[in-house]
Structures are given as C-alpha cells and as structure tokens.
Amino acid sequence: MTETPAIPGRLVLAAALLAWSCKGSDKSATNDSAAAAATADTADAAAPAADSGRAASGEAPPKETPYKHGRATFEYKGKQESWSLTSGKLIQSPASEGMRANTTVGLFFTRDGSEKSMSDGMLLISVSDLNLMGPGGFYVVGLGLSSSAGGPKYRPKPGDPRCPVTMKRVDAGGAEGTFTCTGTFDGGSAIGKVTFSASP
C-alpha cells in the first residue's frame, strides 16, 4: 500500500476556498464558507511569505480560470446524488524554485447549484497534481459534505491509501474526473464514487 504524505495546509486551504475567492464579502455566506474552510484544517503559516517571494523574484503568478457550470454525482448513505456546480476554479501554477508546475481544481456543489440552498448541503471537491512522492497524476486533497447538521470530511493523512483521480480533461475549457476514496472520513459516513464535470 502506497502511503500518503502530509499535504501542505496551504494547498488544501487554497483549494477549499477557491470558489469563494471570486465572491464578495457576502455575509450570508460567512458561515458556509467557514464550514468549507474547516475541511482544510489549518493553512501553512509560510504561505503569504512564499507568495510575496514569488512576486519579488519576478516569477509568473498562477493562472486562474473560473468554472461556472457543472455537475457532480456521488454515493452517500446508499443513495445516488446528483448536484449542480455553485462555483469553482482552476489554478495553474508555473514552476518555481523547488517546485514543479502544478494544477489544482476546487469545486463547490449544491443540490440545485444556488447559494441559497447551501444550508441544505454543500459538496467540496479539491484535486491536484502536486504530488510529494514522485509519480505524476491527480489526487484528491480535500473532499467534504457540509450541512447545518455537519457532514463527512476527507483529507489524506499519513498512512492512508492515496485517492487517485481519473481525469478525462483539465484545462481552461473544463475539468472532468472520477474517483473513489477509501481513506478515513471524519464526521460522517464515507462519500462513495464521485464523478464531476465543470466548465466556464
């Protein structure tokens, strides 16, 4: 069994908050965005300094593409669910000192795709090809189902089997993939097979 290294908090938190970064300071979303952020645990305290260093050195900033349309189907408590994209983003980071170029996709889904229904449930999917153990490919770095009653959250931990993602597409025109995580879910029942798609 291949073990998973600890994922940098910066990466996971960034993925968890991708969709919120292009929204205003809407107070109605405060509690829900905080719940989403909780799926990422804590961020790496060195992140702001790292970003400042990138700018100071003249390195190119990440390219960001918002996704506005999409669907996600997943299994939960014996039922097949199909939810619509609320918001999402593709982040393509160029290579920098000590780190190769990498791509991260962060997506938020609700039952009908509207922010008004977030209190009834919100699905977060974060995947990235920034792998710390060599081989390329996309892996899940964050997965959570949040509601007023709580919900399961998955974040790879040392010793867990990795959760690879089969990506059919990932570029500025859209992202499509499928995965099934077998690691430990905290706070609720496991989320089964997930298939997602998103586009601008």
Side-chain angles (χ1 to χ4, degrees), residues 4 7-26 29-44 47-48 50-51 61-74 83-94 99 101-110 113-115 118 121-132 137-147 151-156 162-179 181 183 185 191 194-200:
T4 302
I7 303 297
R10 174 193 177 195
L11 172 62
V12 183
L13 182 60
L17 296 177
L18 289 179
W20 298 103
S21 64
C22 55
K23 295 183 180 181
S25 56
D26 182 1
T30 300
N31 292 336
D32 293 296
S33 59
T39 67
D41 294 335
T42 57
D44 188 343
D51 290 337
K63 179 181 179 181
E64 302 182 356
T65 302
Y67 289 149
K68 301 178 181 179
H69 310 283
R71 298 284 293 178
T73 60
F74 60 98
W83 292 12
S84 297
L85 183 71
T86 299
S87 55
K89 187 176 288 187
L90 166 71
I91 295 182
Q92 296 169 298
S93 300
M99 185 175 293
N102 60 88
T103 300
T104 299
V105 177
L107 307 169
F108 281 109
F109 298 85
T110 56
S114 72
E115 294 183 12
M118 287 192 295
M122 179 173 62
L123 177 71
L124 159 73
I125 298 174
S126 303
V127 303
S128 178
D129 67 351
L130 177 56
N131 301 316
L132 307 181
F138 279 81
Y139 291 85
V140 173
V141 293
L143 174 63
L145 185 60
S146 176
S147 70
K153 299 175 179 65
Y154 168 83
R155 178 183 173 185
R162 305 185 78 186
C163 187
V165 183
T166 300
M167 297 294 292
K168 295 182 178 180
R169 175 180 186 176
V170 57
D171 53 39
E176 299 178 35
T178 184
F179 61 85
C181 293
F185 282 80
I191 299 172
V194 178
T195 300
F196 65 88
S197 63
S199 61

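Predicted model, so just to flag it, every value in this text is computed and none were measured. Because only heavy atoms are used, hydrogens play no part in the values below, and waters and symmetry mates are left out as well, while side chains stay in.
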Flag side-chain contact, heavy atom, 4.5 Å: [X] against [Y]:
{"X": "L85", "Y": "L107", "result": "yes"}
{"X": "T195", "Y": "F179", "result": "no"}
{"X": "V105", "Y": "I91", "result": "no"}
{"X": "F196", "Y": "V165", "result": "yes"}
{"X": "F138", "Y": "P164", "result": "no"}

Ion pair present between E176 and R169, side-chain N to carboxylate O less than 4.0 angstrom? no
Which is it for F108 and M122 under the side chain to side chain contact (heavy atoms under 4.5 Å, CB included) test, yes or no, and what are the steps along the way? CA-CA 7 Å; F108 281 109; M122 179 173 62; 3.9 Å; yes
When you compare the side chains of S84 and R71, does any donor N or O come within less than 3.5 Å of an acceptor on the partner? yes
If I take atom [atom1] from residue [X] and atom [atom2] from residue [Y], how far apart are they, to the nearest 0.5 angstrom?
{"X": "D171", "Y": "T65", "atom1": "CG", "atom2": "OG1", "result": "9.0 Å"}
{"X": "H69", "Y": "T86", "atom1": "NE2", "atom2": "OG1", "result": "12.5 Å"}
{"X": "N102", "Y": "S128", "atom1": "CG", "atom2": "OG", "result": "5.5 Å"}
{"X": "Y139", "Y": "M167", "atom1": "OH", "atom2": "CE", "result": "13.5 Å"}
{"X": "L143", "Y": "L123", "atom1": "CG", "atom2": "CG", "result": "6.0 Å"}
{"X": "Q92", "Y": "K63", "atom1": "CD", "atom2": "NZ", "result": "5.5 Å"}

Without swapping roles, check the side chain of [X] against the backbone of [Y] for a donor-acceptor pair under 3.5 Å.
{"X": "S199", "Y": "G173", "value": "no"}
{"X": "D129", "Y": "T103", "value": "yes"}
{"X": "T178", "Y": "V194", "value": "yes"}

Contacts of type ring-ring contact (aromatic ring centres under 6.0 Å, His included), residue F74, not counting sequence neighbours: W83
Shortest non-hydrogen contact from [X] to [Y]?
{"X": "Y67", "Y": "A198", "value": "CD1-CB, 3.7 Å"}
{"X": "P94", "Y": "P61", "value": "CD-O, 3.8 Å"}
{"X": "P200", "Y": "A172", "value": "CG-O, 3.1 Å"}

From CA spacing to verdict: side chain to side chain contact (heavy atoms under 4.5 Å, CB included), Y154, I191: CA-CA 9 Å; Y154 168 83; I191 299 172; over 6 Å; no
